[in-house]
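As structure tokens, the structure follows; a few thoughts come after it.
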Amino acid sequence: MPDAALAELLLSRIRDVPDYPQPGVVFKDIAPLLADAAAFAALVEALAARVAALGAVKVVGLEARGFVLAAPAAHAAGVGFVPIRKAGKLPGPVHSRAYDLEYGSAVVEVQQDAFTPGERVLVVDDVLATGGTVSAALDLLRQAGAEPAGVVVLMELAFLAGRSRLAEHLGDAPLEALIEV
Ligand SMILES: O=P(O)(O)OC[C@H]1O[C@H](OP(=O)(O)OP(=O)(O)O)[C@H](O)[C@@H]1O
Ligand SMILES: Nc1ncnc2[nH]cnc12
């Protein structure tokens, strides 16, 4: 499916929820997209294609909505999946990083043995807002020895300028958004 047609299909299945989870935030609800088999399949196919194109050998998903996209994309691309989770959810030695996002702050973690040294990994998430979450993820996966092959998000909220905040964390890795608003 051409990029523009895919973007139109995906955008048509994302619902704006004003003042959620706090006043002033317009929440991008992907539940209708996930519930639509054809739209979800097209999304997973597009993400899986980026795995091969960017030479990634694993897909990293960001809890929780990132998991819903990253795990099927990894499976479709025939590569492994690694979770980055909110603090306290992963057993064994972990690397941790605190960060701020559009409507709060959190700590994320990855298991220290998640990657072999230099392994190229693709980071997948649903929404890029301020960029805090993906910045923390990139720092974490480098700390764990992986090499970011790229970041792909379903939707970039360009007015929040996450892309510029991310630049120093990305290095040479590309940031791609299937939809930009
Ligand atoms: O660019 P940022 O400002 O960092 O915001 C983007 C992040 O915010 C949401 O995650 P959230 O922490 O709400 O978690 P969820 O997926 O568990 O709902 C979203 O899924 C992204 O990961
Ligand atoms: N406006 C928003 N909608 C959905 N997820 C988000 N994560 C951060 N900001 C968001």
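Worth knowing before you read on, the calculation uses all heavy atoms, side chains too, and leaves out hydrogens, waters and symmetry mates. Values in this document were obtained by computation on a predicted structure and should not be read as measured data. Both counts, for ligands and for their atoms, begin at 1 and track the order of listing.
Remark: aromatic rings of Tyr103 and Tyr20 are distant, center separation not under 6.0 Å.
The side chain to side chain contact (heavy atoms under 4.5 Å, CB included) check on Ala39 picks up Leu9, Arg13, Leu33, Asp36, with sequence neighbours excluded.
Applying the side chain to side chain donor-acceptor pair (under 3.5 Å) test to pairs two or more places apart or on separate chains, those with a residue in residues 169-181 are Arg50-Glu176, Asp139-His169.
The existence of a salt bridge linking Lys89 and Glu63 is excluded, since no basic side-chain nitrogen approaches an acidic carboxylate oxygen closer than 4.0 Å.
In this structure, the side chain of Asp19 engages the main chain of Gly24 through a donor-acceptor pair within 3.5 Å. Lys58 places no side-chain N or O within donor-acceptor distance of the main-chain N or O of Ala146, the cut-off being under 3.5 Å. Remark: side-chain polar atoms of Arg163 are paired, donor with acceptor, to backbone N or O of Leu175 under 3.5 angstrom. Side-chain atoms of Arg85 do not come within 3.5 Å of backbone N or O of Leu90 as any donor-acceptor pair.
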Check ligand 1 against the protein and report each N/O to N/O distance under 3.5 Å, formatted as atom name, atom name, distance.
residue  : atom   : partner : partner atom : Å
ligand 1 : 1 (O)  : Ala129  : N            : 2.8
ligand 1 : 1 (O)  : Thr130  : N            : 3.1
ligand 1 : 1 (O)  : Gly131  : N            : 2.8
ligand 1 : 3 (O)  : Glu102  : N            : 3.0
ligand 1 : 3 (O)  : Thr130  : N            : 2.9
ligand 1 : 3 (O)  : Thr130  : OG1          : 2.5
ligand 1 : 4 (O)  : Gly132  : N            : 3.4
ligand 1 : 4 (O)  : Thr133  : N            : 2.8
ligand 1 : 4 (O)  : Thr133  : OG1          : 2.5
ligand 1 : 12 (O) : Lys86   : NZ           : 3.3
ligand 1 : 13 (O) : Arg65   : NH2          : 3.2
ligand 1 : 13 (O) : Tyr103  : OH           : 2.6
ligand 1 : 14 (O) : Lys86   : NZ           : 3.2
ligand 1 : 16 (O) : Ala64   : N            : 3.0
ligand 1 : 16 (O) : Arg65   : N            : 2.9
ligand 1 : 16 (O) : Arg65   : NE           : 3.4
ligand 1 : 17 (O) : Ala64   : N            : 3.1
ligand 1 : 17 (O) : Lys86   : NZ           : 3.3
ligand 1 : 18 (O) : Arg65   : NE           : 3.0
ligand 1 : 18 (O) : Arg65   : NH2          : 3.0
ligand 1 : 20 (O) : Asp126  : OD1          : 2.6
ligand 1 : 22 (O) : Asp125  : OD2          : 2.5

side-chain hydrogen bond (donor to acceptor under 3.5 Å, both in side chains) between Glu109 and Ser96, worked out = CA-CA 4 Å; Glu109 296 181 338; Ser96 301; 3.0 Å; yes
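Protein residues lining ligand 2, listed by chain and number: Val25, Val26, Phe27, Lys28, Arg65, Glu102, Tyr103, Val127, Ala129, Leu157 [non-hydrogen atoms, distance under 4.0 Å].
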